[in-house]
Amino acid sequence: MSSNPGTASVENIYSLDGKVPLLKAIPFGLQHILAMFVANIAPILIVAGACGMDAKNTAMIIQSAMMIAGVGTLIQLFPVWRIGSRLPIVMGISFTFVSIACVIGAKYGYGAIMGAVLIGGIIEGILGLLSKFWIKLVTPIVAATVVTAIGFSLLEVGADSFGGGSSNADFGSATNWILGMVTLLSCILFNIFAKSYFKQLSVLFGLVVGYIVALCMGVVDFSDLQDTSVIALPHLMPFRMEFHPEAIVAFVLIFLVSATETIGDTSALASSGLGRDVTEKETAGSLACDGFVSALSSVFGCMPITSFSQNVGLVAMTKVVNRFVIATGAVIMILAGIFPVVGALLATLPSAVLGGCTIMMFGTIVISGLQMIGKCGFSQRNITISALSLSIGLGFTQVPAIFDIFPNIIRSVFSENCVAVVFLTAIILNLVLPKTMDVE
């Protein structure tokens with residue numbers, strides 16, 4: 001589908017390493033940033049609120065989050081030593097740590113979170129570098145099942161955004177329904193009628209149309225732009241780190257859960273974007289980047305960083321995998337960190353507009369997971385592993401009270417994290433089930 005990688009051409013957006021003209025690459029990179037921007041800052045807003053943080057410190061952390069997300073994405077695209085996958089993976093602040101961070105932050109303060117992130121990130125990074133010794137536990141059917149679980153887990157996030165955000169008083173209002181439907185229909189119609197590579201800009205087109213409609217309806221809030229400085233450098237060690245054993249153990253466990261999601265994201269991206277299985281080197285580099293960049297993130301007062309499943313869904317839908325194209329988006333994120341006004345402007349994007357685009361992207365991840373399961377084959381053993389893992393993972397986490405007999409640390413990791421439950425169940429089943437289960 002691509003032209004000569006040595007010649008600059010927009011057709012090279014479908015090639016991992018082809019040259020793409022800068023002005024034509026930027027819209028595709030910007031599309032990725034708009035798809036993840038709100039999700040990148042939402043965990044910070046939630047945790048900062050739980051810690052009783054003031055608006056000034058919260059804004060400072062958001063600024064750092066944009067810069068770290070950009071730096072992490074660049075390292076994934078262009079590895080430093082063995083850190084990075086060389087795949088078009090977009091990084092951002094992880095939702096996986098929100099619940100445990102709120103608990104630790106309320107008990108010990110934000111500094112304890114930063115200390116735990118530093119230690120946990122280093123441990124995950126080392127495990128990533130040593131993944132060849134344990135990665136064989138994650139067989140193709142396990143990875144495919146986890147990818148499917150990631151897609152299902154994101155559907156609620158997409159629906160929540162579509163309704164305007166469940167924390168908002170007008171959730172599910174007619175206004176939000178209109179914005180979500182206009183955005184979704186714009187994406188679909190643009191994808192139907194656009195020609196050539198322009199089809200892959202359907203998400204960006206939908207976001208622009210939805211934003212214009214939101215402006216006309218008067219629901220875009222520009223109040224946060226008033227006190228935003230034009231340029232500012234992120235702060236180094238803005239919070240005094242504290243190291244509490246309970247916090248560190250809890251975060252290390254969640255880092256292991258996050259690692260399973262990263263393995264699933266990396267597998268899904270290679271499968272849906274490149275049409276092949278992920279390599280051991282790519283998985284190791286992706287995990288190492290997750291861990292070590294998370295440790296770096298704590299130095300700038302930020303939450304852990306990980307691969308973003310919504311961007312994997314965007315790659316699956318558009319097939320745009322060019323590293324230079326994604327790098328333009330990473331640079332935009334870094335600039336948003338240096339110029340806070342850019343981030344503040346992007347933050348005015350209404351949740352319903354974002355939901356109109358993401359609801360289709362997240363469904364694409366589910367389909368990618370099912371396709372991966374299909375490639376593994378529908379043997380009795382594979383069906384048992386996938387069916388039981390998804391049933392337990394998706395079912396049990398719908399009724400979190402079922403975990404009440406377990407200690408707090410177990411509940412915080414598994415009770416509302418279906419990906420973690422699916423991963424653990426699939427690993428156990430893959431180890432204990434006999435290799436030959438099919439009837440002769």
[X] versus [Y]: any side-chain heavy-atom pair under 4.5 Å?
{"X": "Phe78", "Y": "Arg323", "value": "yes"}
{"X": "Ile61", "Y": "Phe300", "value": "no"}
{"X": "Ile113", "Y": "Cys51", "value": "yes"}
{"X": "Phe292", "Y": "Leu129", "value": "yes"}

Is it true that [Y] and [X] share a donor-acceptor pair across their side chains at a distance under 3.5 Å?
{"X": "Thr266", "Y": "Ser286", "answer": "yes"}
{"X": "Ser258", "Y": "Glu261", "answer": "no"}
{"X": "Ser351", "Y": "Ser161", "answer": "no"}

Would you find more than 12 non-hydrogen atoms of other residues, nucleotides or ligands less than 6.0 Å from [X] atom [atom1]?
{"X": "Arg276", "atom1": "CZ", "result": "yes"}
{"X": "Lys375", "atom1": "NZ", "result": "yes"}
{"X": "Leu431", "atom1": "CG", "result": "yes"}

- [ ] Measure the acute angle between the ring planes of Phe403 and Phe396, then classify it against the limits of 30° and 60° as parallel, tilted or perpendicular.
- [x]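 Perpendicular: the ring planes of Phe403 and Phe396 meet at over 60°.
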TODO: State which residues pass side-chain hydrogen bond (donor to acceptor under 3.5 Å, both in side chains) with Asp277; sequence neighbours excluded, sorted by chain then number.
DONE: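 None.
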TODO: Report yes or no: does Ser368 contribute a side-chain atom to a donor-acceptor pair with the main-chain N or O of Ser272 at less than 3.5 Å?
DONE: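 It does not hold such a pair.
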- [ ] Under the side-chain hydrogen bond (donor to acceptor under 3.5 Å, both in side chains) rule, what do Thr348 and Tyr211 come out as? Steps first, then yes or no, please.
- [x] CA-CA 9 Å; Thr348 61; Tyr211 192 79; 2.8 Å; yes
